[in-house]
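Just so it is clear, the model here is predicted, and its values are computed rather than measured. Atoms within each ligand, like the ligands themselves, are counted from 1 in listed order. Values below: every heavy atom of this structure, side chains too, minus hydrogens, waters and symmetry copies.
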Amino acid sequence: MAKFLVQKSGPLHGEVTISGSKNAVLPILAATLLTKEDCVIMDAPALRDVDVMCRLLESLGASVTTDLENNTVEVNASGQIASEAPYDLVKMMRASILVLGALLHRTGRAVIHLPGGCAIGERPIELHLKGLRALGAYIDEEQLSRGIVDARADHLKGNDIYLDFPSVGATEVIIMAASLAEGTTILENAAQEPEIVDLANFLNKMGARIKGAGTDTIKIEGVEKFSGVSHHVIPDRIEAGTFMVAAAITRGRVLIRNMVPNHLKAVIAKLRECGVEIVMTDEGVLVCGDENPIISTDIKTLPYPGFPTDMQSPFMALLTVSRGPSVVIETVFENRFMHVGEFNRMGANIKTEGKAAIIPGGKQLQGAQVVATDLRAGASVVLAGLVAEGTTEVSQIYHVDRGYENFEEKLRALGANIMRIEE
Ligand code: UD1
């Protein structure tokens, strides 16, 4: 199994170009099943999750050509499409559930064993199913009690749907299902993440009539048929945020290219509260961690446009070394403090109490053997390793490979001392 060896590094300097968004490309790839024509997806990041989604589409009957060196994926789903997603792929990635709506449209049935994914709490899908039921799908309750989603629908019909929580996945599944249903769907308390907007833009190019994506109310007028399209995926805001923190924690100066500052308003505001200078330039976003002392701030994760839960652990790495105590409150996931134990092995002395983590701050971290407990936690212990004395050995880095394209190469190009070793 591969590991990262991270040594204390000086201030990071230089430029980094952000890859296409993992969380945008996954639903877009699922949506390619909605047309029998060719789709070309550009700026698709070369990541393990993207590879799993491509294999899932193939196993369902689509023809998929990946040129991930050029970040392009072509999908043609004109052939016979299967109703059942193979468990060996689904268990590798929770986002497999995103094919639900497309399978219902293409085959009248969708059978998916409930997926795994990051080890961050229960992650139920009752909201996805509530939406599909409202559109006229029948879900077999007996199968569901055994952990299998078995949904059937000869014909989906638009409806008014209110989500009890603005779930990203549920919003995406419902948009896809409703866009080829008969009549109009109004989805309220929808997720507002930029990835939802990218999916809606992609579907609208295909011929969908979706309005309001990016707000809490999305109106979808069903159409009969989609055509094939080409689409550039938006930049990955979480990768951009992670590199912003890398510049801040090492007291460096990094120009971040291909980042959309509007997608990271909460993270930018919080970094500024910590004393990080952030300058918008024509070339990209210049992050200066060397201008002021880094001071602590409190954060609370929320659905977009609030502070992203996926940035909680990378930001916590910064708070372990910043001046003064801070409190981090996680409201999106119920079990997303697994990285705290890893930071504590490095001397962070963080305490958790329910949804809150109390961080004393101001620590000189020490290198240690730590585990990438999930995707973002893996990136966050690497960030901590950059400022820890000695060597930090990070295991289970396959989690990091799920979501960061060329993570160690990009960090090394900025001067970080990080190596991948195969054991
Ligand atoms: C997506 C992102 C993930 C991010 C998360 C929240 C992808 C591929 N993944 O995950 O990186 O961390 O958004 O920003 O885009 N919930 C329910 N019932 C449901 C659905 C969700 O209670 O039916 C709860 C979940 O348990 C979780 C919270 O809502 O606590 C957020 O989940 P959701 O927004 O659905 O996240 P994902 O789409 O899984």
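At a 3.5 angstrom cut-off on N or O pairs, Ser167 counts as close to ligand 1. Between Glu126 and ligand 1, a contact under 3.5 Å exists for at least one N or O pair.
Shown in contact with Gly169 at under 4.0 Å from a heavy atom are these atoms of ligand 1, numbered in order with element: 35 (O), 38 (O). Annotation for ligand 1: atoms under 4.0 Å from non-hydrogen atoms of Val168 are 1 (C), 13 (O), 33 (P), 34 (O), 35 (O), 38 (O). Atoms of ligand 1 lying under 4.0 Å from at least one heavy atom of Phe165, given by number and element, are 28 (C), 29 (O), 31 (C). The contact set between ligand 1 and Thr309, taken as ligand atoms under 4.0 Å from a residue heavy atom, comprises 6 (C), 12 (O), 14 (O). Atoms of ligand 1 found under 4.0 Å from any heavy atom of Asp310 (numbered from 1 in listed order, with element): 3 (C), 4 (C), 11 (O), 12 (O). For ligand 1, the atoms closer than 4.0 angstrom to any heavy atom of Leu127 are 18 (N), 19 (C), 23 (O). Listed by number with element, the atoms of ligand 1 under 4.0 Å from a non-hydrogen atom of Arg336 are 12 (O). Those atoms of ligand 1 with a heavy atom of Arg94 less than 4.0 angstrom away are 39 (O).
Ligand 1 is approached by His128 to a heavy-atom distance shorter than 4.0 Å. For the pair Ala170 and ligand 1, no heavy-atom separation below 4.0 Å is found.
Crowding of Lys219 atom NZ: a count of heavy atoms from other residues, nucleotides or ligands under 6.0 Å not exceeding 12.
The pair Lys130-Asp164 counts as a salt bridge, with a side-chain nitrogen and a carboxylate oxygen less than 4.0 angstrom apart.
By the 30° and 60° cut-offs, the orientation of the rings of Phe407 relative to Tyr404 is tilted.
Here the closest heavy-atom approach between residue Gly101 and residue Ala177 is recorded as CA-CB, 4.2 Å. Here the closest non-hydrogen pair linking Pro124 and Glu126 is CB-OE1, 3.2 Å.
Contact annotation for Ile238 and ligand 1: no heavy atom of the residue comes within less than 4.0 Å of the ligand. Only the backbone of Ile125 comes within 4.0 Å of ligand 1, counting heavy atoms alone; no side-chain atom from C-beta on gets that close.
Under 3.5 Å, the side chains of Glu330 and Thr301 contain a donor-acceptor pair of N or O atoms. Judged by distance alone, the side chains of Lys410 and Ser19 do bring a donor and an acceptor atom under 3.5 Å apart.
Using modelled atom types, no side-chain atom of Asn76 and backbone atom of Ser63 make a donor-acceptor pair closer than 3.5 Å.
One finds the CD1 atom of Ile81 at 4.5 Å from the CZ atom of Arg106 (value rounded to the nearest 0.5 Å).
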